[in-house]
Amino acid sequence: MARRRRAEKRTVVPDPRFESDLVTRLITCVMKSGKKSVAEGIVYGAIEGIRGKVEEDPLAVLAKAVDNVKPRVEVRSRRVGGATYQVPVEVNRERQFALAMRWLVSFSAQRKGVPMEQALALELVEAYKNQGNAIRKREDTHKMAQANKAFAHYAW
C-alpha cells in the first residue's frame, strides 16, 4: 500500500461511437495486452448483438445489466485473535461497478465455442433479464455476506 499519497482518479474519455463512459469502461475491461482496437471490435460487436436480441436501446440494456450485477455487500477476511472471520461490508460505488464489469467479462470469456462478442452479448442480455452466471455470482456473494452477518461487528 502506498504511503506517500493517494493515486488520483483519471477521467474517462467517452468512446467515439456512442459518446458513453460506460462503453469506454467496458472496452478497457475487455482489453488484453493493450490491444484496444480488438477490444473495441468485441464490444461494438456485442452491442450490435444486443440490438438483435432485445428491442430496447442497447446502451440502456448495457446500463441495466451492469446495474443488475452490482453487488451491494461482500465479505472481507478479518484476522482477530488468531482466527480469521469473513466480515460482511458494504461495497462502495466504484468497486461495485468494477466487480460487475469484471464478472460480466470473465463469465463471457468462459463460454467456450462461442466468439467473444457473441458471448459478451449473451451475458449482457442474461444479466439484463436477471439471469446468467454474473447474477448467480452476485447472489452467492450476497448469501455469503448474509451467512456471516454475525461477524459484522468486526468491521471497523
Side-chain angles (χ1 to χ4, degrees), residues 1-2 6-78 84 86-148 155:
M1 187 159 215
R6 280 256 181 243
E8 54 210 39
K9 294 279 183 194
R10 294 191 189 123
T11 57
V12 177
V13 179
D15 74 299
R17 191 177 294 183
F18 295 105
E19 298 294 327
S20 170
D21 295 343
L22 181 62
V23 175
T24 302
R25 297 276 300 263
L26 184 60
I27 288 170
T28 56
C29 197
V30 169
M31 183 171 55
K32 289 184 180 177
S33 304
K35 298 191 176 193
K36 192 165 192 171
S37 59
V38 174
E40 285 175 345
I42 290 170
V43 171
Y44 292 148
I47 290 173
E48 291 303 316
I50 292 171
R51 195 179 306 246
K53 291 175 180 27
V54 181
E55 52 277 344
E56 289 189 39
D57 178 39
L59 293 181
V61 171
L62 174 63
K64 181 74 172 157
V66 170
D67 199 42
N68 287 346
V69 175
K70 286 180 183 177
R72 308 294 181 246
V73 290
E74 67 178 346
V75 291
R76 291 261 172 104
S77 294
R78 185 90 181 154
T84 304
Q86 297 290 324
V87 179
V89 293
E90 288 186 15
V91 185
N92 70 18
R93 200 169 49 85
E94 278 299 312
R95 182 159 169 79
Q96 283 181 2
F97 188 80
L99 285 172
M101 296 293 256
R102 188 180 312 154
W103 291 344
L104 286 167
V105 170
S106 67
F107 284 120
S108 46
Q110 288 176 7
R111 289 177 183 244
K112 297 300 176 195
V114 182
M116 182 61 180
E117 56 189 54
Q118 288 179 11
L120 185 59
L122 286 171
E123 195 67 40
L124 288 170
V125 169
E126 285 181 355
Y128 172 72
K129 296 177 180 176
N130 272 324
Q131 302 168 349
N133 295 326
I135 296 292
R136 192 173 326 118
K137 175 78 171 175
R138 185 203 65 194
E139 294 301 324
D140 290 346
T141 303
H142 284 183
K143 282 179 191 170
M144 180 81 88
Q146 185 68 28
N148 289 299

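Just the heavy atoms: all of them, side chains too, but no hydrogens, waters or symmetry mates, feed the values below.
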Residue that, paired with L99, satisfies side chain to side chain contact (heavy atoms under 4.5 Å, CB included) out of K137, K70, E74: E74
Side chain to side chain, F107 and R136, heavy atoms closer than 4.5 Å: no
Within-4.5 Å side-chain heavy-atom neighbours: R17 and V23: no
Nearest atoms (heavy-atom pairs only) where E123 meets N133: OE2-N, 3.4 Å
Closest contact, heavy atoms only, S108 versus A119: O-CB, 3.2 Å
Nearest heavy-atom neighbours spanning S77 and T84: CB-CG2, 4.0 Å
Where N68 and Y128 come nearest, the two heavy atoms and their spacing: ND2-O, 3.3 Å
Donor-acceptor contact below 3.5 Å, side chain E19 vs main chain P14: no
Neighbour count >12 (heavy atoms, 6.0 Å) for atom CD, E90: no
W103 vs P71 side-chain heavy atoms within contact, under 4.5 Å: yes
Side-chain (N148) to main-chain (M144) donor-acceptor, under 3.5 angstrom: yes
4.5 Å side-chain heavy-atom contact, I135 and V69: yes
Heavy-atom closest pair, residues M116 and V105: CE-O, 3.8 Å
Minimum heavy-atom distance V66-L22, with the two atoms named: CG2-CD1, 4.3 Å
K53: side-chain contact (heavy atoms from CB on, under 4.5 Å) partners, not counting sequence neighbours: L122, V125
Listing, residues 27-46 side-chain donor-acceptor contacts under 3.5 Å, not counting sequence neighbours, or none:
residue : atom : partner : partner atom : Å
T28     : OG1  : T24     : O            : 3.4
T28     : OG1  : R25     : O            : 2.9
Y44     : OH   : D15     : OD2          : 2.9

Straight-line distance of K64 NZ to E56 CD, nearest 0.5 Å: 9.5 Å
Side chain proximity check, I50 to L59, heavy atoms < 4.5 angstrom: no
